[in-house]
Amino acid sequence: MAPRNEEFDFDFIVIGSGFGGSVSALRLVEKGYRVAVMEMGRRWTPQSLPHTSWSIHRWFWRPKFGLRGFFNMRFFRHATIFHGCAVGGGSITYAGTLLPAPEKVWTTGSWAGLSDWQAEMPNHYQTASRMLGVTQNKILWPADHLLRKAAEAAGFGRTFYSTSVGIFQPADGEAGNKSFPDPFFGGEGPPRTTCTSCGGCIMGCRYGAKNTLDLTYLYLAEKCGAQVFPETKVVNVKPLAGASDGGAGYEIRTVKSTAWIRRQPGRFTRRGVVLSASSLGTMELLFRLKDNGSLPAISGRLGKHVRTNSESLIGARMPGAEDFSQGIAIGSGVYIDEHTHVEAVRYPSGSDTMSLLTTILTDGLPGWQRIGLWLRNVLGSLLRHPLKTLRLALPWGWAREHVILLCMQALDGHIQMRWERPWFWPFRKTLVSRGKKVPTYIPRANEFARKVAQVAGGTAMSMLPEILFDVPGTAHCIGGCVIAASPDRGVVDHRQRVFGYRNMYICDGSVLGANLGVNPSLTITALAERAMSFIPPAAGAAWNDAVVRGTTAP
Ligand SMILES: Cc1cc2nc3c(=O)[nH]c(=O)nc-3n(C[C@H](O)[C@H](O)[C@H](O)COP(=O)(O)OP(=O)(O)OC[C@H]3O[C@@H](n4cnc5c(N)ncnc54)[C@H](O)[C@@H]3O)c2cc1C
């Protein structure tokens, strides 16, 4: 016999506390559900955040090696994926840029035609923007001025814009670092401090000026009674006996993510589940659960249509010039053509470790030819300007001297993730990437990097893995459990209900059905708002919400 509601530990478990997870937690608890949020990462405060990226153990996430930070980098054959891991998910490390997707994305990809997206999404974007305190960046600093000058010199200066950001900025003419009682939620939120323009957003805001989820959605969810379990990794989700489609609830197994030996296994029962572990995290968990027989009915489209936002990271380094690290992590952007968008990104002064991945800009098609060209460029530069070239290879001063150019394209291109034993470690299955590679060389973007370097008297730079291994870097891995009409096309329906299971939803970047060409967090938030809006209040819940076997029941 199925357990009664009060016999469950909670009504809903939310797995992951990033953009999708925090929205889900707040909206469900507001509807009267008992909600638990399981988060693998740690809880951070302005006091516990690292000062620079040299504090590797507090920046990087590899708990098996004692690194318990909030930033992770995963290496695949087709992409190096950067992502967050903390209470508040990617919001702790993200740059704070919050842009809606261009309208055209709703008419392409797997979600096209499933709803009147263009009519519905503006409302959800509006709610998401209000909750995340989106405002236009008022503070342009040297990196932004350089971007504008280079765009003007290249002939598309009119496309320059200052970004929309989720950052609490000082009033015009005022200095930052001033504290105020909650400015966003009518006194229900926490006190906040204005931005100091230290450029530290990506290393975690040590002033409390970035509108991270632990200060917005998740803060309010906890205030309303949601319980957050930090350092708790979900390792199994299984329908309870009596209904293999989850209609009788789910058993969830957890372990302590930061423990080496005593992993403190936990067991909980829930009526409903929201998977919000990010594109990579949700794919990894669902592949494991499909493979071990816990959730065998997950669609075979799992892992298909994984997108990197078609990104390439390039830049320019200007040793001895002004300090380019000041400002907001991403203060401005330009469109270099109708599909290609470039943003100026910075790390705070002293956070120089990323320099180890940068090298002199090199064009060309991937493979040995490009590596040969790169060696020629480096040797040529060493012979012509030995001191300058050696200086470019030194990490110290990199954040102050370097402007990263984040280039994103709205063109379609995708890879696949599979659950396989890699040839180099056949002892256990893991995520491996497959498919046609997304181009790492975008000629117009390289041309623009040269223009930026020329305007500032510096040297244009590339990412080393893009040249050596033809592997692009991306902070915007999306897709893999895409919204689609049926399980033979995707993993969830347009309300983000998992095909084949009851009361199971996915709310994170994995559901995105097209390359957005802009930073995705606002869209993930808006889609989660939309998905949660369909769930009835707890009092009237029938607990049979499903699109079992692809029927498009309302
Ligand atoms: C350096 C950097 C800068 C960025 N800047 C921007 C930006 O300016 N604008 C923008 O829009 N986007 C930006 N992004 C991308 C943005 O962070 C992601 O798109 C966004 O966080 C994805 O939201 P999500 O809800 O899918 O998952 P996430 O926010 O990644 O949250 C998922 C959470 O689930 C947890 N988790 C995973 N597996 C498990 C498990 N098994 N059990 C329990 N918990 C689990 C993870 O620890 C994580 O905290 C940036 C990313 C990086 C790395």
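For ligands, and for the atoms within them, numbers begin at 1 and follow the listed sequence.
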- Are Phe324 and His145 close enough that their ring centers fall under 6.0 Å? no

- Are Phe70 and Trp61 an aromatic pair by the rule of ring centers under 6.0 Å? no

- Phe71 and Trp59 aromatic ring geometry - parallel, tilted or perpendicular at 30°/60° bounds: parallel

- Test Trp111 against every option in Asp493, Leu512, Val511, Val492 by the side-chain contact (heavy atoms from CB on, under 4.5 Å) rule and name the one that passes. Leu512

- Message: Can you tell me how far apart CG (Asp214) and CD1 (Ile92) are? Round to the nearest 0.5 Å.
- Response: 4.0 Å

I'd like the atom pairs linking ligand 1 to the protein - N or O on both sides, separation under 3.5 Å - with distances to 0.1 Å.
unit_1, atom_1, unit_2, atom_2, d
ligand 1, 5 (N), Ala95, N, 2.9
ligand 1, 8 (O), Ala95, N, 3.3
ligand 1, 8 (O), Gly96, N, 3.3
ligand 1, 8 (O), Thr97, N, 3.0
ligand 1, 8 (O), Thr97, OG1, 3.4
ligand 1, 9 (N), Thr97, O, 2.8
ligand 1, 11 (O), Thr97, O, 3.4
ligand 1, 11 (O), Pro520, N, 3.4
ligand 1, 11 (O), Ser521, N, 2.8
ligand 1, 11 (O), Ser521, OG, 2.9
ligand 1, 12 (N), Ser521, OG, 3.0
ligand 1, 25 (O), Phe19, N, 3.2
ligand 1, 25 (O), Gly20, N, 3.0
ligand 1, 26 (O), Gly509, N, 2.8
ligand 1, 29 (O), Gly90, N, 2.8
ligand 1, 41 (N), Val234, O, 3.2
ligand 1, 42 (N), Val234, N, 3.0
ligand 1, 44 (N), Met40, N, 3.1
ligand 1, 47 (O), Glu39, OE2, 2.6
ligand 1, 49 (O), Glu39, OE1, 2.9
ligand 1, 49 (O), Glu39, OE2, 3.0
ligand 1, 49 (O), Ala86, N, 3.3
ligand 1, 49 (O), Ala86, O, 3.2

Would you mind writing out the side-chain donor-acceptor pairs for residues 279-288 within the sub-3.5 Å range, not counting sequence neighbours?
unit_1, atom_1, unit_2, atom_2, d
Ser279, OG, Gly479, O, 2.7
Thr282, OG1, Ala277, N, 3.1
Thr282, OG1, Ser278, O, 3.2
Thr282, OG1, Asp508, OD2, 2.5
Glu284, OE1, Arg74, NH1, 3.4
Glu284, OE2, Arg74, NH2, 3.1

